[in-house]
Enquirer: 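What follows is a structure written as structure tokens; I'll ask about it next.
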Protein chains: 4
Amino acid sequence: MSDIIFSQSSPDKPKATTKPSISSGAQNILAAAEELFAQQGYSSISINAIAKQAGVSKANVFHHFETKEMLYMAVLQNASTEMSDLIAELDSGNGSASQQIGHYARQHLQNLFDKARVTQLILRELQQGDKDESFQLVRNTLNKNFTSIVNIIKKFQERGEFRQDIEAAMIATVLIGCNLFYFQTHSVLDSFPELAFAKDPDNYCKQLTDILLRGIENKNAEDRGSS
Amino acid sequence: MSDIIFSQSSPDKPKATTKPSISSGAQNILAAAEELFAQQGYSSISINAIAKQAGVSKANVFHHFETKEMLYMAVLQNASTEMSDLIAELDSGNGSASQQIGHYARQHLQNLFDKARVTQLILRELQQGDKDESFQLVRNTLNKNFTSIVNIIKKFQERGEFRQDIEAAMIATVLIGCNLFYFQTHSVLDSFPELAFAKDPDNYCKQLTDILLRGIENKNAEDRGSS
Amino acid sequence: MSDIIFSQSSPDKPKATTKPSISSGAQNILAAAEELFAQQGYSSISINAIAKQAGVSKANVFHHFETKEMLYMAVLQNASTEMSDLIAELDSGNGSASQQIGHYARQHLQNLFDKARVTQLILRELQQGDKDESFQLVRNTLNKNFTSIVNIIKKFQERGEFRQDIEAAMIATVLIGCNLFYFQTHSVLDSFPELAFAKDPDNYCKQLTDILLRGIENKNAEDRGSS
Amino acid sequence: MSDIIFSQSSPDKPKATTKPSISSGAQNILAAAEELFAQQGYSSISINAIAKQAGVSKANVFHHFETKEMLYMAVLQNASTEMSDLIAELDSGNGSASQQIGHYARQHLQNLFDKARVTQLILRELQQGDKDESFQLVRNTLNKNFTSIVNIIKKFQERGEFRQDIEAAMIATVLIGCNLFYFQTHSVLDSFPELAFAKDPDNYCKQLTDILLRGIENKNAEDRGSS
DNA sequence: CATGAATGAGGTTTCATTCAT
DNA sequence: TATGAATGAAACCTCATTCAT
């Protein structure tokens, strides 16, 4: 199903339509900056590199963004918005609790790869932990993201389908943590023979949800109760 | 138990005894570089900053390490060794499978924090994914790390204590992935009210292993088999 | 006639008209670099020195020339072009073979001093003999220079005015070699009492051509033949 | 006779015997410095490079020579002495004036190549023309060199074998100038098809003396006198 | 005699930024 | 809107030199 991990759907085109307020010149720069910052981080990317990638002059970058810092913030802002949009569209489908969680996990993982640059930008921010302004942005985005899945889980807990002696947030953590770990390590899977099975993200996701669901389903408790 | 997440035991002093081959001058620089690179990454740390932190002249840094790149490699080498040593000492205790896994998870998380700088360095490398030489180092270290826990799990699978229809590597992934996720996000826990429970790493670890163990224990299968 | 060896006619002003393609900023830098490189050589001249001489900032030098090496190449390119232009204008006058050679020798010597900086740059390159790219340039220029005089001599050989049992190139070598030697040593003439006569380049040139012509004129051969 | 220009006889060994006052350690350094300075000039050669070439530590260089400048002076001093020794041994043979000049020219050219490093060092100094102390040394050496050949020529002029209306120093200049020019350009002869004949230095020397002698011999004057 | 450690000064080059056009 | 010219600051790195051993 997935040839090179994921069919990396081109995610850049629709931007222009969603954000018509920013000139196309600025959009070019923003896109170039996003790509480079995601790949290499803030400090190792020069305005010159961004200008070249965007096909404009260095001065033009400063014409659109006051400072490098502000360009970075704009990139982050953009990324956060994209991420939020994506989460808003996240749909846990309908069906049993198990099916919904499985669907959600798979879709979440897909999103990480579809918006790989955004994901990387956010992971970078997570690792810094100090930069004041930029951090706020990311934190809020993550919070939104996180709350969305937590609420779904809580719903199932209230319905009695999931154990209630486990924090919903903990369950969400396992789901998101493992998906992020997969995203971070997928490029290195070749060197881990033990992880060969994980080259197919579908397979990975299936096994993850298998463990997770069995670990949290109330069915087990019933089984025990019956004993 | 843990005031600020973990009592961050000072991990730098014993180095001199374990590695007497490197002069103390070089060791100072190495330690300074490790700290700064871990905090801020490669490109945003200048040799000047490292020199100041180490209390030596800029030129002296180049006396001991030919280039900034080579200093970074030495730091990484050092970190990988430390990490490997730590893993070698990882002890899954004795007791039931559940207890051993629980013990291992807790100890592993503790190690991440005890060697926070090393952990950060390696996470940074994971995120880059292209740098040839430096990457090899980290990959090997991770591989060793990973294999260690996979083997423990396989043992329990063979004994029939854990399900065999789940890849041992997948189980290890959940354990390590969640621990790393915790490490990466713990500085931001304050902003996530849902995750308040996780401020205590013991609590986090307990809930994680609770889910994980229930998800993989063979007991459940037996229960089902009896139904 | 020559106060301090030669009236060193200012050779920099016309450049702007002959090479309008290069901005005046770059021209300033190029001129400064030419002067300093000619005086002191490549390695002992810093970009800082060039910037100061040109009245611009160090960074501005790199705005116009990517590296010090490339600036040097541009200087050499410029010098080679100037030299070629000069040679193209070299005019052996009209009159007897003797007069033409005498005229040529004197004019060639004059050129060496008029374009003293260019001459020095080329002599320096001759001495290195390894630098790939820069050397090609100089070699080509010298070749052109050399061929020009060789052809004149060949003409006279064909007319029977000069001996044909001597290579034209050898005759050219004497002419150019002695002129270059004069150029290289003129600053030290004071310390060589024997060479006092040579302080006047006209005198030097007259004596040189006197020897040379008598050595190559066919007239002598005829005299002998008649005996 | 000459395969690759000249059979470059190893000229370094006898030094130890001629200068037993200097320790062998210092001699190593001196030899290394001579080679490198001759090849690349003063400023582009670092003490480090010299130390490596000599197989000693950088500090050891300063143990033997107070400063880089003083090491350079020692190299120059050494070179000047070698050159003087060589000139003192220069032997114009016995035979006719023509033969003696021819012999001298050939031997002088041979010396330039045998002591190529020394020759290069001195040519470099000639090109600088400002460095106070170092220059004195070279000037004196050249003066001695020059006077030696001038005196030989004067002898023949007095005997009436050479014209007296030409300065002896001018004749010497042609001889030395052309030989030095040959030395400076021999590495580039390949690219000058016209100069193919000069690949054999014997041939070059023969043609040079042919021209020179015919240009200065008094025989010609006699011929004219008879007309 | 010989060396490794250490350093201040200075080298080339890069960077973010400004400004006139 | 867009750019080339210009620059001060700071990056990495080299250099000649000193000193303790």
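Lettering follows sequence order; numbering is per chain, from 1. What you are looking at is a predicted structure, and each value in this text was computed from that prediction instead of being measured.
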Enquirer: Take the protein atom CD of A:Gln40 and the nucleotide atom C1' of E:dT14, then report the distance between them rounded to whole Å.
Expert: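 In whole Å, E:dT14 C1' and A:Gln40 CD are 16 Å from each other.
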Enquirer: Taking the side chain of C:Ser57 as its heavy atoms from C-beta onward, which of F:dG8, E:dT7, F:dA5 lies nearest to it?
Expert: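 The closest nucleotide is F:dG8.
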Enquirer: For DNA chain F, produce a single dot-bracket line, 5' to 3'. Pairs: Watson-Crick or G-U wobble, both distances under 3.5 Å. Symbols: ( ) within strand, [ ] crossing, | other strand, . unpaired.
Expert: .||||||||||||||||||||
Enquirer: Quick one: B:Phe65 CZ to E:dA6 P, roughly how many Å, whole number?
Expert: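 It works out to 11 Å between those atoms.
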Enquirer: Any chance you could measure C:Glu34, atom CD, to C:Gln53, atom CD, to the nearest 0.5 Å?
Expert: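 It is 11.5 Å, given to the nearest 0.5 Å.
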Enquirer: Would you say the side-chain atoms of C:Arg124 and C:Gln127 include a donor-acceptor pair closer than 3.5 Å?
Expert: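 There is no such pair (donor and acceptor under 3.5 Å, judged by atom type) between the side chains of C:Arg124 and C:Gln127.
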Enquirer: Tell me, with the steps shown, if B:Leu76 and B:Phe37 meet side-chain contact (heavy atoms from CB on, under 4.5 Å).
Expert: CA-CA 10 Å; B:Leu76 234 49; B:Phe37 282 145; over 6 Å; no
Enquirer: Could you tell me how far apart B:His63 (NE2) and E:dT7 (P) are, to the nearest whole angstrom?
Expert: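 Going from NE2 in B:His63 over to P in E:dT7 covers 10 Å.
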Enquirer: State, without any angle test, whether B:Ser43 and A:Ser43 hold a side-chain donor-acceptor pair at a distance under 3.5 Å.
Expert: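 There is no such pair between these side chains.
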Enquirer: Keeping the roles fixed (side chain from C:Lys68, backbone from C:Tyr42), state whether a donor-acceptor pair exists under 3.5 Å.
Expert: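 Pair found, side chain donor or acceptor close to backbone of C:Tyr42.
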Enquirer: Mark yes or no for whether B:Arg117, through its side chain, and B:Gln39, through its backbone, hold a donor-acceptor pair below 3.5 Å.
Expert: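 Not a single qualifying donor-acceptor pair exists.
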Enquirer: Provide, to the nearest angstrom, the distance between the CG atom belonging to C:Asn60 and the C1' atom belonging to E:dT14.
Expert: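 Result: 14 Å.
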Enquirer: Could you tell me the separation between the CG atom of D:Leu36 and the P atom of F:dC15, rounded to a whole number of Å?
Expert: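 For the pair D:Leu36 CG and F:dC15 P, the rounded distance is 13 Å.
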Enquirer: If a protein heavy atom is under 4.0 Å from the base, mark B; if only from the sugar-phosphate, S; if neither, -; do that for nucleotides 16-21 of chain E going 5' to 3'.
Expert: BBBB--
